[in-house]
**Student:** 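Sending over a structure as structure tokens; questions will come in a sec.
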2 protein chains.
Amino acid sequence: MIKSAETARERILTAANKLFYAEGIRAVSLDTIAEKAGITKKTVYYHFKSKDDLIEAYLASRDQPNLNQFRKWFGEAEGELPDKVQAIFRQIAVSARHPKWKGCGFLRTAAELANMPGHPAMKVGAGHKKKFEAWMAEEFEVAGIDCAPDLARHIVLLLDGAFSTILVHRDASYAEAAGEAARALVSSAVINQAA
Amino acid sequence: MIKSAETARERILTAANKLFYAEGIRAVSLDTIAEKAGITKKTVYYHFKSKDDLIEAYLASRDQPNLNQFRKWFGEAEGELPDKVQAIFRQIAVSARHPKWKGCGFLRTAAELANMPGHPAMKVGAGHKKKFEAWMAEEFEVAGIDCAPDLARHIVLLLDGAFSTILVHRDASYAEAAGEAARALVSSAVINQAA
DNA sequence: AGAAGTATACTCACCAGTGAATATACTTCA
DNA sequence: TGAAGTATATTCACTGGTGAGTATACTTCT
């Protein structure tokens, strides 16, 4: 029956999500994932062609949820455009203070797979980041800001910088610093627009 | 004899540098490193307590050379303070266009070891990044800029953001975008200082 | 001789992936 | 309708290979 098949596949994906994110791609074996999912490794191979295939599926499963999270933080924030952008960074700081936080799964996977630039998971990761950047650019465009794509890229750089530095220092306040910088850049763009 | 001991140790470290950077920490075995260094694995274990110990030594060996590289780029750049900061990002863009470029070794190692926050290599990596930040802050301080530490942190965020996004997209132009943002932040700080 | 350094040859655990068999449910046709 | 056949989903047990780390012995230099 289709229902139960999807349940098994989802259990694998859920286990992969937790383990890959918590421990890293290469640190986690399919045996471990299978065990956590409560099934046999062969079943993993029934649903996924290979470990690489599962890695790709893991990232793909995070694409929309992550983007929606950012959209929500941005959309629900009070204030003007700079405040709304800053809010994203503030929320990241909050998340990063949770003990289970281990950075951005996309970035960490990219770091681990840096020696395999053509890896399908890398494409998913790059696509995810591009979507975020495009969304930011669109928000800036709608707000009537000049050079919206440039500003969006600057925000992306601060965002990924925040993910990276927080991980290195285990200090979530870097997200707040990034939020200040982002706010300054957006504010300055808003002023230019008015001129 | 000390001389030959250091020679063997250095050969190990050289091999570890190349392989860890090119392939990643967990993707490279000590067998591979020993082979590349032209010695046996046992000799590796004579000079290094464990793989973790070698990972730490690998990062430690990159600390000063990397910092010196940044100092050189900054020091030799023409122009005012914003130009000098921007020059660092321009040079990173140049480096990142080389096919062997695989991001920042410190950041990638931190990503791989995210599940081991107390790992000695993580401390070395965090220390390295702190040194960069402190150096930047000092340069800003000397230039008489207000809130020099804050600005330095913003530059660090853009720098590590550049490393990360270039790696994800395989597009060195992100470094140039980061350089523009950095320039804008420094310029704006210089103006405030004048006021 | 003896200490430092290196090599041979090994252990034990784990890992990605597979072969063969089985259970379950859906389809087809007499 | 119900038996036979087929696709889906799953398990157990395994393989070839590699991983970190080690016991022991040989070499070389002082």
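Proteins get letters first, then strands, A, B, ... in listed order; numbering begins at 1 in each.
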**Student:** Testing the basics here: between A:Y174 and A:I166, what is the closest heavy-atom pair and its distance to 0.1 Å?
**Tutor:** CB-CG1, 3.9 Å
**Student:** How many Å lie between OH on A:Y45 and P on C:dG19, as a whole number?
**Tutor:** 13 Å
**Student:** Please give, in whole Å, the distance from D:dA20 C1' to B:I25 CD1?
**Tutor:**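 B:I25 atom CD1 is separated from D:dA20 atom C1' by 15 Å.
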**Student:** Donor-acceptor check, side chain of A:R11 to backbone of A:A37, threshold 3.5 angstrom: yes or no?
**Tutor:**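 Indeed, once roles are kept as given, a pair shorter than 3.5 Å links the two residues.
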**Student:** Is the shortest side-chain N/O distance from B:S29 to OP1 or OP2 of D:dG19 below 4.0 Å?
**Tutor:** yes
**Student:** So does A:Y46 get a side-chain nitrogen or oxygen closer than 4.0 Å to the phosphate oxygens (OP1/OP2) of D:dA9?
**Tutor:** yes
**Student:** Hey, does the side chain of B:T43 come within less than 4.0 Å of C:dT6's phosphate (OP1/OP2), counting only N and O?
**Tutor:**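 Checking B:T43 against C:dT6: no side-chain N or O falls below 4.0 Å of OP1 or OP2.
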**Student:** Where is the tightest heavy-atom contact between A:A189 and A:L151, given as atom of each residue plus distance?
**Tutor:** CB-CD2, 3.7 Å
**Student:** Starting at the 5' end of DNA chain C, which residue's closest nucleotide do you reach first, A:T32 or A:K49?
**Tutor:** A:T32
**Student:** Using atom CG of A:D53 as one end and atom C1' of C:dA16 as the other, report the distance to the nearest whole Å.
**Tutor:** 14 Å
**Student:** Just the rounded figure in Å: distance from P of C:dG17 to CD1 of A:I55.
**Tutor:** 9 Å
**Student:** If you compare every side-chain N and O of B:H47 against the phosphate oxygens of C:dA4 (OP1, OP2), does one of them come in below 4.0 Å?
**Tutor:**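 False: B:H47 side-chain N/O out of range (4.0 Å or more) of C:dA4 OP1/OP2.
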**Student:** Under 3.5 Å, is there any donor-acceptor pair linking the side chain of A:K42 to the base of C:dG19?
**Tutor:**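 Result: at least one qualifying N/O pair found.
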**Student:** List the steps, then state whether side chain to side chain donor-acceptor pair (under 3.5 Å) holds for A:T43 with A:T40.
**Tutor:** CA-CA 5 Å; A:T43 302; A:T40 311; 4.6 Å; no
